[in-house]
Amino acid sequence: MLFRDVYYLGEDFELRRGDIAVRGGVIEYAGERAPAGDWGETISHAERLVLPGFVNAHCHVPMTLLRGYGEGLPLDRWLAERVFPFEDRMTAEDVYWGSLVGIAEMLASGVTSFSDMYGFCGAICEAVKVSGIKANISRGLTSADGGALGESRGFYETEELFAEWDGACGGRIIAEASIHAEYTSHEGFVRELAAFAKARGAGIHIHLSETRKEHEECLARRGTTPTEYFEACGIFESRVTAAHCVHISDGDMNILARRGVCAAHCPTSNLKLGSGVAPVPRMLVSGVAVALGTDGASSNNNLNMAEEAHIASILHRGVNMDAALTPTAEILKMASLSGARAQGRSDTGAVKPGFKADLAVLKLDGRPHLGPLHDILGGAVFSAQAGDIEMTVADGEILYRNGEFLTFDIREALGGASAAAARIARELRGAQT
Ligand SMILES: [Zn+2]
């Protein structure tokens, strides 16, 4: 595949104009003029911007089934009263259809990889396999009953996930370990999980200091912040993605920076659930890696990374009254390269020779909100909509083009997900009466 004479985001995250040539799923050339040769399909258009594919660093993809379910509640009540009873009634088939709809939504906003924490991981992996997208998949573990790791059903499923899916589909799927959060597990369990991940060289996905309540209750209960607690348990001795990091202290930031933990910033979810605003500019100054995530569709309520990048870009300027914060290049890097690094994918996340051809192509012409445009990258962050993504490519394969999903039947997926959501809602209504 050859992109000829297009705008693109260079490996330095500056705007460039020229050619991008792809062979065998890898970017072979990115520069002014690709060497002559048979590159296959040539896409030549002056009004296209080629970006590295977005990496959604924190998601619960099957939660498309709960979109709009239990609106208006704070996080703790929303989980206990609405989400958990709904999830108790989900089957693997429900999760498959919900995942496929979520993946479709992500592909349509330029996402080429995502990091997920949920149950029924085999069904999620099947949807990832079918769709052609990439994903780091983890089973979110809790241990409210105080049992050992080895006695946990969730840990059995984690081991199953590693055995069946780690490295599957040519490396598109990576299995990870997960602790849901500080407040849903006891210390021995967390220490055992940390040792399991370290021994396997696996990544870990956690929620960290999402709400003030969570952070302050941990301080009261343990005398440490959730970050200090996870540090003491050995969690940060592995590669870690920590979702939210809204209420972390300066000391926490030093730990996260020293350990190379990536904070997955989920601004829409934090705003919608009234959790607060993560101190992203301070994290960046402290040397903490920050990526972007949507969280689940039930707390967002979509999986639209173009929108997430827009909100992340303006939120911190407003809160800190400083228009120089979170420049567009920084935001685009958070939405791509930083997420890929958090996933342990060192050859992904930039338009760079030798990197995987994971690309999102933005259509700049024929759009009233994109013309005239004085600043192309500013347009990509501040003006563009997910609907402007014309093409999404992973490992050099076109997965989404001009509104069409090329690897699966979107109507079948939507039908399956709608039927599942309606059945569960009906069962819950029946249980209440
Ligand atoms: Zn989450």
Side-chain angles (χ1 to χ4, degrees), residues 55-71 73-80 82-84 86-87 90 95 98-99 102-103 105-106 111 113-121 124 135-142 154 158 176-185 203-215 218 226-227 230 235 240-248 256 261-278 280 290-305 307-308 311-312 334 339 342-343:
V55 178
N56 184 353
H58 179 62
C59 192
H60 313 282
V61 70
M63 291 187 89
T64 53
L65 296 178
L66 289 96
R67 206 191 306 264
Y69 189 72
E71 294 292 7
L73 294 173
L75 180 71
D76 50 353
R77 285 190 56 204
W78 174 70
L79 285 174
R82 308 307 299 272
V83 174
F84 293 151
F86 192 104
E87 290 178 334
M90 279 186 191
V95 165
S99 300
I103 288 167
E105 199 185 342
M106 285 194 267
V111 174
S113 189
F114 67 101
S115 288
D116 209 80
M117 179 203 292
Y118 212 67
F120 293 104
C121 293
I124 302 172
N136 286 28
I137 303 293
S138 65
R139 168 68 162 90
L141 297 185
T142 59
T158 296
E176 290 187 341
S178 170
I179 285 288
H180 170 264
E182 176 274 331
Y183 59 96
T184 48
S185 291
I204 304 178
H205 195 160
I206 61 172
H207 289 115
L208 186 64
S209 293
E210 178 175 3
T211 63
R212 180 181 288 156
K213 181 170 183 278
E214 168 194 343
H215 190 82
C218 179
T227 299
F230 281 128
I235 288 288
V240 173
T241 297
H244 304 303
C245 300
V246 175
H247 295 279
I248 55 172
L256 299 180
V261 173
C262 179
H265 177 40
C266 306
T268 308
S269 173
N270 298 154
L271 290 170
K272 181 169 183 257
L273 294 177
S275 301
V277 174
V280 168
V290 181
L292 279 186
T294 59
D295 210 350
S298 55
S299 61
N300 187 302
N301 287 358
N302 59 43
L303 307 179
N304 177 348
M305 277 290 284
E307 185 176 279
E308 217 60 48
I311 292 176
M334 283 163 60
Q343 292 191 315

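Both ligands and their constituent atoms are indexed starting at 1 by order of listing.
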*Under 2.8 Å from the Zn ion (ligand 1), which protein N, O or S atoms are there? Could you list them by chain and number?*
H58 NE2, H60 NE2, H207 NE2, D295 OD1

*Mind checking what makes side chain to side chain contact (heavy atoms under 4.5 Å, CB included) contact with T158, not counting sequence neighbours?*
R139, L141, F155, F162, F196

*side chain to side chain contact (heavy atoms under 4.5 Å, CB included) partners of S99, counting only residues at least two apart*: V61, P62, V95, I124, A127

_All side chain to side chain contact (heavy atoms under 4.5 Å, CB included) counterparts of A312, not counting sequence neighbours_ = H265, P267, L292, I331

*Evaluate the criterion side-chain contact (heavy atoms from CB on, under 4.5 Å) for residue pair I248 and L256; output intermediate values, then yes/no.*
CA-CA 10 Å; I248 55 172; L256 299 180; 3.9 Å; yes

*Would the H205 and H207 ring centres measure less than 6.0 Å apart?*
no

*asked:* Side chains of V83 and M63, heavy atoms from C-beta outward: is any pair under 4.5 Å?
replied: yes

